[in-house]
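To start, the structure under review is shown below, and the notes come after it.
The first residue in the sequence is number 1, and the count goes up from there.
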Amino acid sequence: QLQLVESGGGLVQPGGSLRLSCVGSGFTLNYYPIAWFRQAPGKEREGVSCISSSGGSTTYADSVKGRFTISRDNAKRTAYLQMNSLKPEDTAVYYCAAGPCGTILASLMISWGKGTLVTVSS
């Protein structure tokens, strides 16, 4: 089974940056598109970004376009989410998941990490 582990979350001031990492183990990460989701307190889990298995195609939610960048390094079996110009409303638990990108639907993901908390203070 593909297992995913996120890291890189923490507390950051508005306008700051964080880079989240998602490392795959078990079956290789490289065969799968990787998506990032987030879930804020009291809200449903939402798709943030997705990247194809080769890294050649990326998708972003409108709320993060121009601020977040998804990437991957298949040699390291790792996907990343670079988050710049962070806002308090970005505060959430961020999850990586494996599955088709498309419209970044949580129901289509086949494997999930346990999440990493990002807190952007006001």
Side-chain angles (χ1 to χ4, degrees):
Q1 297 85 0
L2 175 62
Q3 298 169 336
L4 303 173
V5 179
E6 306 95 336
S7 63
L11 191 151
V12 65
Q13 294 290 320
S17 298
L18 286 173
R19 188 179 74 161
L20 307 183
S21 298
C22 174
V23 179
S25 63
F27 292 110
T28 181
L29 173 79
N30 300 352
Y31 295 119
Y32 300 92
I34 296 295
W36 287 95
F37 292 79
R38 66 186 182 186
Q39 188 164 21
K43 295 186 177 180
E44 297 295 319
R45 191 169 299 186
E46 64 174 346
V48 174
S49 188
C50 198
I51 187 167
S52 63
S53 59
S54 68
S57 180
T58 59
T59 303
Y60 298 93
D62 288 342
S63 59
V64 306
K65 286 181 179 177
R67 299 188 298 121
F68 291 9
T69 303
I70 191 170
S71 63
R72 66 192 299 159
D73 185 344
N74 284 347
K76 298 180 179 179
R77 298 181 180 181
T78 303
Y80 304 95
L81 186 68
Q82 178 67 48
M83 305 185 296
N84 298 326
S85 302
L86 283 163
K87 304 175 181 179
E89 50 263 47
D90 295 318
T91 296
V93 176
Y94 283 72
Y95 302 86
C96 66
C101 284
T103 54
I104 321 180
L105 297 177
S107 62
L108 297 179
M109 302 295 112
I110 63 172
S111 186
W112 292 86
K114 293 182 178 180
T116 185
L117 177 64
V118 173
T119 302
V120 185
S121 67
S122 59

### Query
Same cluster or not: are Ile70 and Leu86 linked, directly or through other Ile, Leu, Val, Met, Phe, Trp or Tyr residues, by side-chain heavy atoms under 4.5 angstrom apart?
yes
### Message
Taking Leu18 as the starting point, is it possible to reach Tyr80 by hopping between hydrophobic residues whose side chains are less than 4.5 Å apart?
### Response
no
### Query
Taking only residues two or more places apart in sequence or in another chain, which ones pass ring pair (Phe, Tyr, Trp, His ring centres under 6.0 Å) with Phe37?
Trp112
### Task
Mind checking the CG-CD1 spacing from Leu81 to Ile34? Nearest 0.5 Å is all I need.
12.5 Å
### Message
Quick check for you: to the nearest 0.5 Å, what is the distance between Arg67 atom CZ and Met83 atom CE?
### Response
9.5 Å
### Message
Please enumerate all residues that pass salt bridge (Lys or Arg N to Asp or Glu O under 4.0 Å) together with Lys65, with sequence neighbours excluded.
### Response
Asp62
### Query
Side chains of Gln39 and Tyr95: does their closest heavy-atom pair fall under 4.5 Å?
yes
### Query
What residue pairs, at least two apart or across chains, pass disulfide bond (SG atoms under 2.5 Å apart) with a residue in residues 40-75?
Cys50-Cys101
### Query
Which heavy atom in Pro100 sits nearest to a heavy atom in Pro33, and how many Å separate them?
CA-CG, 4.3 Å
### Query
Is there a donor-acceptor contact under 3.5 Å from the side chain of Glu6 to the main chain of Cys96?
yes
### Query
Hey, what do you get for OG1 (Thr58) to CZ (Phe68), rounding to the nearest 0.5 Å?
14.0 Å
### Query
Who are the side chain to side chain contact (heavy atoms under 4.5 Å, CB included) partners of Ser57, not counting sequence neighbours?
Ser52
For residues 114-122, please give each side-chain donor-acceptor pair under 3.5 Å, one per line with the distance, not counting sequence neighbours.
| from | atom 1 | to | atom 2 | distance (Å) |
| --- | --- | --- | --- | --- |
| Thr116 | OG1 | Gly9 | N | 3.1 |
| Ser121 | OG | Gln13 | OE1 | 3.2 |
| Ser121 | OG | Gln13 | NE2 | 3.1 |

### Query
With hydrophobic residues grouped by side-chain heavy-atom distances under 4.5 Å, do Trp36 and Val12 end up in a single group?
yes
### Task
Rounded to the nearest 0.5 Å, what's the gap from OG on Ser53 to CZ on Arg72? Could you check?
6.0 Å
### Single-linkage hydrophobic cluster, 4.5 Å side-chain cutoff, Tyr31 and Leu4 together
yes
### Summary
Residues at least two apart in sequence or cross-chain that pass side chain to side chain contact (heavy atoms under 4.5 Å, CB included) with Ser7, listed by chain then number, are Ser21
### Query
Is the closest side-chain heavy-atom distance between Arg77 and Ser25 below 4.5 Å?
no
### Query
Do Ile104 and Tyr32 sit in the same hydrophobic cluster, where Ile, Leu, Val, Met, Phe, Trp and Tyr count as joined when their side-chain heavy atoms come under 4.5 Å apart?
no
## Note on the structure
Between the OG atom in Ser49 and the CZ atom in Arg38, the distance rounded to the nearest 0.5 Å is 11.0 Å
